[in-house]
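Each remark here refers to the structure printed beneath this line.
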Amino acid sequence: MNRVKGIVLVSFICLNICSFASHKVYILHGWGNSKGIMNKIYKEVTSAGFEAENYAYPGLYEDLDSIGKNLYQDILKENLDSVSFVTHSMGGLVVRAMLRYSAADLSFPKIFRIVMIAPPNRGADIADFFKDAKALKKLLGPNVEKMQTDSASYANQLPIPCNTELAVIVGKRNKDKGYNLLIEGDNDGLISPENTLLGNEKDVAYVKYNHLGVIRRKEPRKLVVEFLKYGEFVRN
C-alpha cells in the first residue's frame, strides 16, 4: 500500500470509527471452545488500537437463541454508540441470533463491521453426520442439530446482517478434496466454502488453513485487523 493510499485510508477510519463516542469490538469463539482460543486475535485487535472484549458463552449446553439474547442484553448494558464483531465458527451464528432481538431495537448501537471466520452460515457439513445420532444429542448439546445444512435448519433461518459491512475469511485446502475426506469437495475439515457465505459480503478472503488454523495463524489475524480498519482486505 503506497503512502498516499495509506493517508486516505487513515482519514477514512477517523471519519467512520473515531466519529463514534464509544466503539467496541466483540470477539466470539466457536462451538466447543472457550474464549481462550481467541486470545491471539484479541491481542491483535487491541494492539491495533481497538477497545475489545473476548466474549465467552456456554456453546456446549445453552441453545443459540438464548446465547444470542444474552449477547444482545450484555451489549445494551455498555451504552455504546457502535459495535463491531469478530467471530469464529458458531460465533457467527450467535451474532445472527442476536439480530433477532437487536434489529428492531432503536436503542441498540450501530453495528459497524463484522468479520466472520469460518462461519457455518449455511450450516456445517460435519453437523449433517450427526443428524440421526439421537444417542449423542445429550453429549453434543442443543446446537449441533441447529447447524445442519438443510434449508429448514436453524442456521439457514437466522437473520442476515444488513446495514453493516460484512467480511468472511474462509479456510480451504485448494484441492478437489478438503481437509476432511468425508465431506464432498474442498473444505476446512468441518465446513465447505460455499456454506460459509451469505451472499452480501463486502469482501471474502480464502486462506489455506483448516477450521482451527484460520484463527491460529498470523495471516488471518492480519486480515481481521485490516477489515476492522479499512472495511476491506488490503491486497498488495
Side-chain angles (χ1 to χ4, degrees), residues 26-39 41-42 53-77 83 85-105 108 111 114-161 166 168-171 179-180 182-184 187-198 210-212 214-215:
Y26 285 84
I27 299 170
L28 284 83
H29 59 85
W31 178 90
N33 296 126
S34 69
K35 69 176 186 178
I37 202 168
M38 303 296 281
N39 281 344
I41 289 178
Y42 172 79
E53 178 176 340
N54 198 356
Y55 188 85
Y57 65 88
L60 276 174
Y61 59 85
E62 189 168 344
D63 71 272
L64 268 163
D65 195 69
S66 296
I67 297 168
K69 185 176 182 180
N70 290 339
L71 175 62
Y72 159 72
Q73 292 173 335
D74 288 343
I75 292 173
L76 278 183
K77 295 173 187 175
V83 292
F85 296 96
V86 178
T87 70
H88 177 240
S89 193
M90 194 181 81
L93 299 186
V94 173
V95 171
R96 290 175 60 199
M98 180 204 71
L99 295 177
R100 288 185 158 183
Y101 301 93
S102 65
D105 187 347
F108 195 80
I111 301 175
I114 303 173
V115 185
M116 293 183 177
I117 306 168
N121 277 320
R122 300 295 181 188
D125 303 74
I126 195 67
D128 293 343
F129 287 91
F130 301 101
K131 191 170 185 178
D132 299 317
K134 294 180 181 179
L136 292 176
K137 281 189 177 180
K138 284 188 178 181
L139 179 64
L140 297 173
N143 295 317
V144 170
E145 186 176 11
K146 292 178 182 292
M147 290 189 285
Q148 291 169 2
T149 62
D150 64 277
S151 60
S153 72
Y154 181 88
N156 278 290
Q157 299 305 313
L158 283 171
I160 293 176
L166 171 66
V168 174
I169 299 173
V170 184
Y179 291 98
N180 188 339
L182 296 177
I183 298 174
E184 185 177 352
N187 61 80
D188 68 2
L190 300 180
I191 308 170
S192 58
E194 58 270 22
N195 283 334
T196 65
L197 304 178
L198 289 169
N210 65 22
H211 194 71
L212 289 179
V214 290
I215 53 173

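The model shown is predicted, which means the values in this text are computed figures rather than measured ones.
Within the 4.5 Å cutoff, the side chain of Leu99 has no heavy atoms near those of the Leu158 side chain. With contacts defined as side-chain heavy-atom distances shorter than 4.5 Å, the pair Asn187/Asp125 does not qualify. Put simply, the side chain of Ile37 reaches to within 4.5 Å of the side chain of Leu212, judged on heavy atoms. Side-chain contact between Arg100 and Lys69 is absent, with no heavy atoms from C-beta onward closer than 4.5 Å. Between Met98 and Phe108 there is a side-chain heavy-atom pair separated by less than 4.5 Å. In this structure, Ser192 and Glu184 have side chains that are not in contact, with every pair of non-hydrogen atoms separated by 4.5 Å or more. With contacts defined as side-chain heavy-atom distances shorter than 4.5 Å, the pair Val170/Leu197 qualifies.
Other residues, nucleotides and ligands contribute only 12 or fewer heavy atoms inside 6.0 Å of the CD atom of Glu145. In this structure, Glu62 places its CD atom where more than 12 heavy-atom neighbours from other residues, nucleotides or ligands lie under 6.0 Å away.
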Pair Leu71, Leu28 - check side chain to side chain contact (heavy atoms under 4.5 Å, CB included), show working. CA-CA 10 Å; Leu71 175 62; Leu28 284 83; 3.9 Å; yes
Please test Tyr57 against Asn70 for side chain to side chain contact (heavy atoms under 4.5 Å, CB included), starting from the C-alpha separation and ending with a verdict. CA-CA 9 Å; Tyr57 65 88; Asn70 290 339; over 6 Å; no
Before giving the answer on side chain to side chain contact (heavy atoms under 4.5 Å, CB included), spell out for Asn143 and Asp63 the whole-Å C-alpha distance, their side-chain angles and the decisive distance to 0.1 Å. CA-CA 6 Å; Asn143 295 317; Asp63 71 272; 4.1 Å; yes
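Applying side chain to side chain contact (heavy atoms under 4.5 Å, CB included) to Ile169 and the options Val115, Thr196, Val86 leaves one that passes, Val115.
Under a 3.5 Å cut-off, the side chain of Arg96 and the backbone N or O of Gly68 do not form any donor-acceptor pair. A donor-acceptor distance shorter than 3.5 angstrom exists from the side chain of Asn54 to the backbone of Lys35, with no hydrogens or angles considered.
The aromatic rings of Tyr55 and Tyr26 lie perpendicular to each other, with more than 60° between the two planes, well past the 30° mark.
In the model, Asp150 has no side-chain atom that pairs as donor or acceptor with a side-chain atom of Asn156 under 3.5 Å. With hydrogens and angles left out, the side-chain atoms of Tyr101 and Asp65 include a donor and acceptor closer than 3.5 Å.
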